[in-house]
Amino acid sequence: MTILRLLAFVAAVTGEKALVVAASADGQGFIDRPALAAGLAKLGKVRFSYDSWLEESHATVYHPAALKAFRSLLKPAATAP
């Protein structure tokens, strides 16, 4: 099962989902960003963000990327004035 099929299944069952992709300096060549964005756009219920962490290596990218992703997903909803 591809990641896009898995995301489509999860989104259909539980509602909106979020996917955060973080690529380190040594992982830039492995991600086809246009193809990934095009595939995720078809799903509709998945919020998607892509971050390049050029200053990080494969060994060090996880902590700063995960922290940023959790802060983004868990931030309080904006309240109307």
Side-chain angles (χ1 to χ4, degrees):
M1 177 177 283
T2 67
I3 188 68
L4 295 178
R5 285 186 183 171
L6 177 61
L7 287 171
F9 172 76
V10 172
V13 171
T14 61
E16 184 180 87
K17 294 294 176 183
L19 174 66
V20 179
V21 176
S24 63
D26 43 341
Q28 296 293 314
F30 297 107
I31 298 173
D32 184 355
R33 291 174 60 185
L36 182 61
L40 290 169
K42 295 176 187 175
L43 299 179
K45 292 185 177 184
V46 177
R47 289 183 294 130
F48 170 71
S49 69
Y50 176 91
D51 290 318
S52 290
W53 294 80
L54 298 177
E55 66 280 3
E56 301 292 341
S57 71
H58 176 75
T60 63
V61 72
Y62 179 75
H63 281 89
L67 185 59
K68 182 178 179 184
F70 281 121
R71 285 181 175 163
S72 167
L73 297 172
L74 301 176
K75 70 182 174 186
T79 57

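FYI, side chains are in, hydrogens and waters are out, and symmetry mates aren't considered; it's all heavy atoms of this structure. Only a predicted model underlies this, so the values are computations on that prediction, with no experimental measurement involved.
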Ignoring hydrogens and angles, tell me if any N or O in the side chain of S57 forms a donor-acceptor pair with the backbone of A59 under 3.5 Å. yes
Looking only at heavy atoms, what is the nearest atom pair of A65 and W53, with distance? CA-CZ2, 3.8 Å
Distance col, row S24:OG vs E56:CD, nearest 0.5 angstrom, shows 8.5 Å
